[in-house]
Protein chains: 2
Amino acid sequence: MSTDNALVEQDDAEGGLNSQAALGLIGYRLRRAQLSVFQRFLTVFESLALRPAEYSVLVLVDENPGRKQSEIAAALGIKRANFVALAQGLEARGLLERLSVESDRRANALHLTASGRIFLAEARDLHDQLESDFVERLGGESQREQLLALLERLT
Amino acid sequence: MSTDNALVEQDDAEGGLNSQAALGLIGYRLRRAQLSVFQRFLTVFESLALRPAEYSVLVLVDENPGRKQSEIAAALGIKRANFVALAQGLEARGLLERLSVESDRRANALHLTASGRIFLAEARDLHDQLESDFVERLGGESQREQLLALLERLT
DNA sequence: GCAGTTTGTTATACGTGATAACATTCGATG
DNA sequence: CATCGAATGTTATCACGTATAACAAACTGC
């Protein structure tokens, strides 16, 4: 029952394990792909010292200037508590401004600084290259949209 | 350049942020989908107190009995160092055996115990249900295979 | 004005992945 | 056989991401 025939790969060779079932798992492949993609992201963005989460914050703030921390955090699925250090870090680098709102003195309204916008443009270039590379791997733009649609349904 | 017009959704409403670009990112969607899938996994497997990584180890060992720790770890993309506690945990629960190999006294050969096999059968049932649920969300078996193929290319 | 809620914040804990160092053992080569 | 390099399992440690609890300040609704 264990040793299989020619229908599947042999599992007695030293090289590849029999991983039919294990690697067929959606969750497993999802995790592997995500780790791989993030790893490539980290490599490409190393020169900018920018992490994926930070990039997504900059993009979202750029597209939604003046929003509160909580709103940006919630939109990205990040807990308020965990967002604090993230925002403070970007602020310390001069990329992000946290302006106090007159109508609500608790809230911080997020804006990009001038250099934040310049920095983001640079980051966007890098990211576009990365995304193009992914599209190439996937085999075309239509495959990319298909992937995004499928991932959406899982979320 | 920054404020856009009617071509995209308005971003002044209180509900949804403008997230065209941010949410269009492959890495971002991948991360969100992976978190969502893992969360569902954790919920379903809560009764068994089994984590995703542990499940994948049991499956792989079941299909490749007698392999060394390093081999199983490498096949799952887990570092040797991080695999130790994982394997010891499964051994402590009586699911896994780590037999010393005569031909190589450094190595541990991994096998499932009898109760490990029973336990795994139970886990496989749960996982099959979960996977079926995913397939349903994806819209069919062919979409599942498409997704797996696309993820494979990204890895 | 008060009660309950929201916002930002700190502290803390857990899980995962990565690296470095180490002892033991193996393999190959002199 | 002796030695050197590599492999194996292990421990300790670190960096990150995520989660919860608690808190002060401020807002909202009654």
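Hydrogens, waters and symmetry mates play no part in the numbers below; they use all other heavy atoms, side chains included. Every chain is numbered from 1 and lettered A, B, ... according to where its sequence line falls, protein lines coming before strand lines. Predicted model only: the values in this text are computed from it and were never measured.
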Rounded distance (Å) that lies between atom P of C:dG17 and atom CZ of A:R51: 16 Å
Salt-bridge criterion met for B:R124 and B:D128 (N-O under 4.0 Å): no
N or O in side chain of B:Q69 less than 4.0 angstrom from D:dA7 OP1/OP2: no
Length of the CG-C1' vector between B:L110 and D:dT8, whole Å: 12 Å
Between P of C:dT6 and CD of A:E71, the distance in whole Å: 13 Å
B:E97 and B:V61, any side-chain heavy atoms less than 4.5 Å apart: no
Under 4.0 angstrom between B:Q88 side-chain N/O and D:dT11 OP1 or OP2: yes
Carboxylate-amine/guanidinium contact B:K68 B:E71, below 4.0 Å: no
Rounded interatomic separation in angstrom, taking CG from B:L86 and C1' from C:dA18: 15 Å
A:F41 and A:Y55 aromatic ring geometry - parallel, tilted or perpendicular at 30°/60° bounds: tilted
Candidate pair B:L50 and B:F119, rule side chain to side chain contact (heavy atoms under 4.5 Å, CB included), full reasoning: CA-CA 10 Å; B:L50 199 64; B:F119 182 86; 3.8 Å; yes
salt_bridge(B:E131, B:R144) N-O dist < 4.0 Å: yes
Protein-nucleotide distance (B:Q34, atom CD; C:dG15, atom C1'), rounded to Å: 13 Å
Shorter than 3.5 Å, N or O on both sides, protein versus nucleotides 18-23 of chain D: list them out with atom names.
from, atom 1, to, atom 2, distance (Å)
D:dT18, OP1, B:R31, NE, 3.1
D:dT18, OP1, B:R31, NH2, 3.2
D:dA19, N7, A:N82, OD1, 3.4
D:dA19, N7, A:N82, ND2, 2.9
D:dA19, N6, A:N82, OD1, 2.9

Rounded interatomic separation in angstrom, taking CG from A:L50 and P from D:dC16: 13 Å
Test item: A:E63 and A:V59 side chains (from C-beta on) under 4.5 Å apart, heavy atoms: yes
Closest to side chain of B:S70, choosing from C:dG15, D:dT8, C:dT9: D:dT8
Between A:Q69 and A:R98, a side-chain donor and acceptor under 3.5 Å: yes
Separation of C:dT16 C1' from B:L42 CG (nearest whole Å): 12 Å
Nearest-angstrom distance from the residue atom CG of A:L76 to P of D:dG17: 13 Å
Partners meeting ring-ring contact (aromatic ring centres under 6.0 Å, His included) with A:F134 (sequence neighbours left out): none
Contact residues, residues 93-108 of chain B to DNA chain D [heavy atom, < 4.0 Å]: B:R98, B:R106, B:A107, B:N108
